[in-house]
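Only one structure is covered here, and it is reproduced in the block below.
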Amino acid sequence: MADLIYLDYAATTPVDSRVLDVMRPYFADKFGNPSSVHRYGQVAEAAVDSARETLASVLNCRPDEIVFTSCGSEADNLALRGAALSMREKTGANWILTSRSEHHAVSKTAEQLEKYYGFQVEWLDVDEHGRVTPEAVKKALCDKTALVSVMYANNEIGTVNPIREIAALCRENGVLFHSDAVQAAVYLDVDVQTLGVDLLSLGAHKLYGPKGVGALYVRKGTPLIPHLTGGGQEFGLRAGTHNVPYLVGFAEALRLAKEEREARVSHLQPLRDHIIGRVLEEITDSKLTGHPAERLPNHASFVFKDVDGNLLLTLLDAAGFACSSGSACKTGNPEPSEVITSLGFSRDWALGSLRVTLGKDSTPGQVEAFLKVLPSLVEKTRRLT
Ligand SMILES: *Cc1c(COP(=O)(O)O)cnc(C)c1O
């Protein structure tokens, strides 16, 4: 992969070598089951406890408010299904309020709750920058609302939502509020007390931790029905023997993300702004997607008119650059992304989307090399489209 420049850190990130180092002993030497009574078990249990304490300290919550899961998607599933079912049982409320720009882990779960479980979903429109406004939430809230779910930062267009204000509105109305922070946690503050959320989803592989591990913050007293039943792990909310090395790695990755956040942001934001400025200046019929200011510091995303986005990605790959047209899950899908469409772009624009996401080790040289080839590749794609 030495001849490829990776510009797709919103899809996933490499495991930091410091993270790998702390994970390694737990695969073989310290392989015990945390539920075992003997010392193998005790060592593993201590590692899980310590990982939980690290997450709690970054999130500013209690350790027993952290539920480890197998990924960010699972955290979203547990939050939506668990809270919706439990709120309906408690109060009879059966409406779920969510936005048109959520990750599929939220939107498909909401759709399933509607189709098979008798809930009603209200989809909040986003503004032209992909933001869910507190006003829209306020208008839609009613005494039937069981749960509101609005993501912290969008993976496709980088937009950061005003979740603090939305959380405050939900609290005033006695409604649970969940936010998907899987994409946000590496660059934004995830102090759950200042955010005021009841449920917050995290995933390790977007923040230089391993794939296949995540967590859900569950504020004390939040009613939640477990979605994986079995042993009593994770306070009875999520059964399954702990993946000890991955939990250890997740905690170290999140700890480093907080410790290095300011440095990473000040490194990446000027590079991001340079990409946005040059692309809009040098490429005709190009537009930024997402919010110009309220966006993730590593995230640049565009639409180009009359461009086949997938073809552009293929040409970029051949030229040595790994980018994305939106969510990684959508690659190969000729339909325009629902998130881009929700911004109001017509099909001739929406099909030509490009997402360029930087990582902590991205360099100005890589960015320059990319900017040098992009305009001609867009033109080439236009000729071939
Ligand atoms: C990546 C991502 C997810 C899914 O996380 P996984 O750990 O890959 O399951 C959910 N929401 C957002 C916003 C994401 O970026």
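All values reported here derive from a predicted model rather than from experimental measurement. What you see below is based on every heavy atom in this structure, not just the backbone, and it leaves out hydrogens, waters and symmetry mates. Start at 1 and go down the list; that is how both ligands and their atoms are numbered.
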Aromatic rings F27 and Y246: how do their planes relate, parallel, tilted or perpendicular, breaks at 30° and 60°?
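Plane angle over 60°, so perpendicular.
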
Which residues satisfy the side chain to side chain contact (heavy atoms under 4.5 Å, CB included) test with A253, sequence neighbours excluded?
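Partners of A253 by the side chain to side chain contact (heavy atoms under 4.5 Å, CB included) criterion, ordered by chain and then number, come out as V19, L207.
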
Short N or O separations between ligand 1 and the protein, below 3.5 Å:
{"residue": "ligand 1", "atom": "7 (O)", "partner": "G72", "partner atom": "N", "Å": "2.8"}
{"residue": "ligand 1", "atom": "8 (O)", "partner": "H205", "partner atom": "NE2", "Å": "2.8"}
{"residue": "ligand 1", "atom": "9 (O)", "partner": "S73", "partner atom": "N", "Å": "2.9"}
{"residue": "ligand 1", "atom": "9 (O)", "partner": "S73", "partner atom": "OG", "Å": "2.7"}
{"residue": "ligand 1", "atom": "11 (N)", "partner": "D180", "partner atom": "OD1", "Å": "3.3"}
{"residue": "ligand 1", "atom": "11 (N)", "partner": "D180", "partner atom": "OD2", "Å": "2.6"}
{"residue": "ligand 1", "atom": "15 (O)", "partner": "Q183", "partner atom": "NE2", "Å": "2.8"}
{"residue": "ligand 1", "atom": "15 (O)", "partner": "K206", "partner atom": "NZ", "Å": "2.7"}

Is the cationic atom of R261 (NZ for Lys, CZ for Arg) positioned less than 6.0 Å from the six-membered ring centroid of Y187 and within 45 degrees of its normal?
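No, R261 does not sit over the ring of Y187.
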
Could K30 and Y40 be counted as a cation-pi pair, given that NZ or CZ must be under 6.0 Å from the ring centre and within 45° of the axis?
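Geometry flag: not set, cation outside 6.0 Å or 45°.
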
Sole residue of S324, S337, S325 in side chain to side chain contact (heavy atoms under 4.5 Å, CB included) with R355
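Among the candidates, only S324 passes.
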
Under 4.0 Å between a side-chain nitrogen and a carboxylate oxygen: does that hold for E282 and K372?
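Answer for the salt bridge query: no.
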
